[in-house]
Amino acid sequence: MGKVLLSVRNVSVDVKLGSKGIRILDNVTFDLREGEFLSIIGPSGCGKSTLLRVVAGLIRPSKGYVLFNGKPLLRPTPKITMVFQNFALFPWLTALENVELALINSVKSEELRRRKAREALRLVGLEGFEDALPRELSGGMKQRVGFARALVSEPDILLMDEPFSNLDALSAEHLRREVEVLVKREDIAPKAALMVSHNVEEVVQLSDRVLVFSGRPGKIIAQVDIDLPRPRSPRLPRFSKYVDELYSLLSY
Amino acid sequence: MKDLLGEVIITGLCLGYSLIRLTMGLIISILLSLAIGILAARNKSVERVIIPLLDVLQSVPILGFFPAVVYLFIYLNPYLGAELAAIVLIVTSQMWNLTFGVYEAIKTLPKDLLEVSEVLKLNLRYKILKLYCPVAIPKIASNIFPSWANGFFFLAASEIISLGNVKYELKGIGSRIVRLIANNDYMGLYIALTFSALLSVLLTELIFRPLLIWSEKYKLETIAKPMPVTEVWLGRLSLRRVRRIGRRIALKVPSFDLRRRVKVVYYPKLVKGFSSAFKVLVPVSLISFLMLLIIASKDFRDALMLLTELNYLKYTALALIYSTLRILATSLLTMCWIIPLAFYLYFRPKLERLTLLIFQVLASIPAPLFYPVILKVFKGSLIELGVILMLMLASQWYLFYNIYDGLKRFPYELEEVLNLYRVKGLYKLKVALVPAIMPSLFTGLVTFIGGCWNALVIAEELRPGVGVNIGIGKELISYTNAGYLPGLYATLLIMVLFIMGLNKGLWRPLRDYIMNRFSYEA
């Protein structure tokens with residue numbers, strides 16, 4: 001196991017609903033290590049997506065803190081990027097321009113930006129679609145642009161907010177396999193990945209470790225290490241065993 | 001002292017009369033908008049006829065409706081008729097943006113909700129009550145602001161009907177202000193102005209704003225916001241509410257009894273029959289109506305004769321060019337300050353409430369109040385600037401509300417992407433916010449320009465005989481004052497044709513491009 005990259009300590013998040021405050025995340029603590037693919041799974045409304053946004057620096061926790069490389073994380077950094085559930089692409093920008101957006105602050109030269117963005121699109125298999133607008137792309141292709149945008153700045157941590165849930169089953173399956181390869185590649189892969197999902201099979205296929213959350217307020221109720229050789233086949237009996245284990249944990 | 005008290009009482013009474021008229025006008029406008037908007041959005045043949053018609057009607061100056069109201073109402077019954085005529089005129093200044101709002105809301109209804117109601121063969125009444133009306137509520141609530149203000153702005157023109165030797169002046173704050181100005185009664189004017197400002201504040205705070213907040217519940221989010229901050233929870237709740245509506249619709253199915261089912265099954269046939277009848281009926285009835293008018297009315301025949309006179313055509317074409325240039329200049333100037341203002345407010349949401357309140361008060365000042373000031377400041381050839389200012393005062397709010405609304409609808413998820421990659425400042429404007437407002441800027445601009453055509457008659461001649469030398473609004477006023485109906489009809493016809501040409505030749509293609517390039521639906 002690599003060194004600790006990210007530490008989440010006693011994080012709670014309260015939101016205001018009308019005049020009342022509601023706690024949606026309660027006292028969450030965990031570490032993310034180098035080389036690790038960590039997943040968070042839990043029922044809807046358990047604050048998984050919120051936790052991801054706390055780690056991205058988009059939301060300040062009401063209590064607790066997040067350390068990134070040993071320093072407090074207070075705002076978004078180019079070293080932590082995110083893939084969104086609904087792709088979150090700008091409809092009036094081409095695929096290339098959408099990817100370039102991620103480099104606006106870190107890369108000054110426009111030419112270099114363009115080159116890196118092209119390279120990222122090639123990496124996710126979208127060579128030749130640089131000038132396409134999002135509406136001209138299929139769901140799977142849109143999410144590939146989303147991955148290219150998240151990877152182009154060579155982040156240390158890749159966050160994924162239910163990245164396959166808005167795709168049809170076939171595209172999701174395809175993209176999942178590619179992501180499995182991508183995040184374990186030495187040259188371009190981020191140092192660690194953190195994914196939120198409610199798809200148990202997908203979590204078993206991709207993760208090294210899984211945190212199981214309770215319903216609102218979200219709390220860690222279990223932790224499961226997935227010890228399976230890669231690439232993983234869902235047909236293996238050990239695969240199903242993990243799936244069953246997670247399902248039984250979730251049904252509490 | 002006794003004088004002052006009397007003044008206050010009279011002003012209050014006049015305000016009361018006007019308030020009743022405006023309220024009736026607004027209620028009628030909303031009901032008509034719902035009926036027309038739903039019909040146009042759900043029936044292709046109706047849509048083809050109604051939408052271009054509305055495009056034109058929203059640009060027809062209030063004077064254009066004078067002959068119709070005079071003939072229809074006042075000749076029938078001078079007392080009640082004049083009141084009804086005033087309400088009809090108020091409706092013509094309030095309803096167009098409401099109708100377009102309803103139309104747009106139903107036109108952009110998510111497919112699945114429509115399909116659910118088709119599959120379940122819901123009857124029309126249920127669809128209207130549980131589907132169409134709820135989704136139209138947010139649009140209506142936000143459009144009430146400019147509608148009410150516009151009604152107030154044109155109030156004087158609605159309360160004083162004068163067509164040749166037919167002259168009606170109804171008791172009301174609009175007509176009173178005109179009289180006070182004519183008498184140079186400044187004390188009276190201050191009181192009237194204070195009263196109408198007070199009324200605007202009260203209405204905005206006690207009715208319009210609460211309505212707007214309540215209407216949030218009925219908002220359909222096109223893109224779900226996964227964020228746990230206050231507004232988003234509201235968003236989620238609203239989405240849940242809509243789903244609940246869907247579920248309620250679904251739950252109704254088993255309870256349909258046989259009789260009802262039979263009726264429901266025949267409904268599509270009815271619609272089909274109706275729409276094919278509509279296709280034939282509308283053009284036929286329009287043409288026969290026109291023929292009848294031409295045969296029956298000497299004025300119409302004279303108008304047609306006038307349209308063949310070269311001198312008249314030359315003069316009107318020149319007037320049209322002048323007015324178009326004025327509107328163009330007004331549009332550019334207005335955009336220069338309204339767009340930055342909308343952005344400023346978007347970045348400072350705390351100022352929203354106060355600013356909207358101030359705008360509502362400013363927008364509700366009746367037009368005649370500006371005349372003395374404008375005539376004093378813009379003398380001689382500067383009067384052109386005065387015209388531009390009047391046009392601006394009349395219509396700029398349409399532009400503002402549209403752009404501001406567009407900014408507020410910027411999807412939260414995209415906002416998150418911008419935050420994540422720390423995209424800020426000019427780049428944020430260029431990449432995200434400016435493209436994002438394009439559709440609403442376009443809609444706002446079209447409504448704004450419609451409003452300008454409308455306002456030409458109050459801007460180009462500020463007082464009888466005082467104003468610009470030539471212009472289409474000026475021409476219409478002079479024909480109206482002289483009671484020369486052929487001139488009024490002919491000029492209106494030319495104006496309508498010109499506006500239709502603009503709509504088809506310029507706005508339609510531009511609209512298609514913008515809606516295609518900049519809409520969120522992917």
Side-chain angles (χ1 to χ4, degrees), chain A residues 13-19 21-22 24-25 45 47-54 56-59 75-78 80-82 84-93 97-98 100-106 133-137 139 142 146 149-150 152-153 155 159 161-162 166 196 216 218, chain B residues 213-214 216-217 221-240 243 406 409-442 513-522:
Chain A
V13 174
D14 302 320
V15 294
K16 261 207 300 203
L17 180 62
S19 54
I22 284 190
I24 55 172
L25 268 182
K48 316 184 285 285
S49 293
T50 308
L51 181 60
L52 215 53
R53 278 156 180 81
V54 170
L58 287 168
I59 298 179
R75 59 187 68 83
T77 139
I80 303 179
T81 60
M82 181 146 117
F84 292 82
Q85 184 178 9
N86 300 308
F87 322 129
L89 301 178
F90 288 83
W92 44 82
L93 299 181
E97 288 167 332
N98 263 298
E100 272 183 63
L101 195 74
L103 296 174
I104 276 164
N105 279 302
S106 44
L133 291 170
R135 86 186 73 245
E136 296 158 355
L137 300 173
K142 275 183 216 160
R149 179 173 64 189
V152 72
S153 58
L159 306 175
D161 185 10
E162 306 191 27
N166 264 352
V196 154
R216 190 179 307 158
Chain B
I213 291 165
W214 170 75
E216 294 271 321
K217 286 197 294 194
E221 302 293 343
T222 46
I223 295 176
K225 300 173 183 176
M227 288 288 296
V229 280
T230 328
E231 300 86 357
V232 181
W233 277 108
L234 279 176
R236 279 219 164 155
L237 282 181
S238 70
L239 197 65
R240 211 170 285 161
R243 286 206 192 108
R409 274 187 290 133
F410 187 68
Y412 201 81
E413 213 178 26
L414 295 184
E415 187 78 55
E416 275 191 324
V417 172
L418 294 176
N419 288 338
L420 192 65
Y421 296 110
R422 293 161 305 135
V423 182
K424 282 184 204 127
L426 279 180
Y427 211 90
K428 180 172 174 180
L429 288 183
K430 191 184 134 195
V431 166
L433 294 180
V434 171
I437 62 161
M438 289 311 277
S440 44
L441 176 62
F442 176 81
Y513 170 74
I514 286 179
M515 296 304 166
N516 195 17
R517 184 89 169 79
F518 297 105
S519 80
Y520 294 122
E521 277 124 69

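Letters A, B, ... mirror the listed sequences (proteins, then strands); counts begin at 1.
- A:Arg75 CZ to B:Leu420 CG: the interatomic distance, rounded to the nearest 0.5 Å, is 14.0 Å.
- With hydrogens and angles ignored, the 3.5 Å screen pairs no side-chain donor or acceptor of A:Arg149 with any backbone N or O of B:Val417.
- For the residue pair B:Leu414 and A:Leu89, the shortest heavy atom distance occurs at CD2-O, 3.6 Å.
- Using a 4.5 Å cut-off between heavy atoms, A:Ile104 contacts chain B through its side chain alone, with no backbone atom that close.
- Minimum heavy-atom separation, B:Glu416 to A:Leu58: O-CD2, 3.8 Å.
- Neither the backbone nor the side chain of A:Leu103 comes within contact range of chain B; no heavy atom of the residue lies under 4.5 Å from a heavy atom of that chain.
- With B:Arg517 contributing its side chain and A:Trp92 its backbone, the two residues share a donor-acceptor pair below 3.5 Å.
- In this structure, the side chains of B:Tyr427 and A:Asn105 stay at 4.5 Å or more apart for every pair of heavy atoms.
- A:Leu101 and B:Tyr421 make their closest contact through O-CB, 4.1 Å (heavy atoms, listed as atom of the first residue, atom of the second, distance).
- The shortest heavy-atom contact between B:Asn419 and A:Pro76 is O-CG, 3.4 Å.
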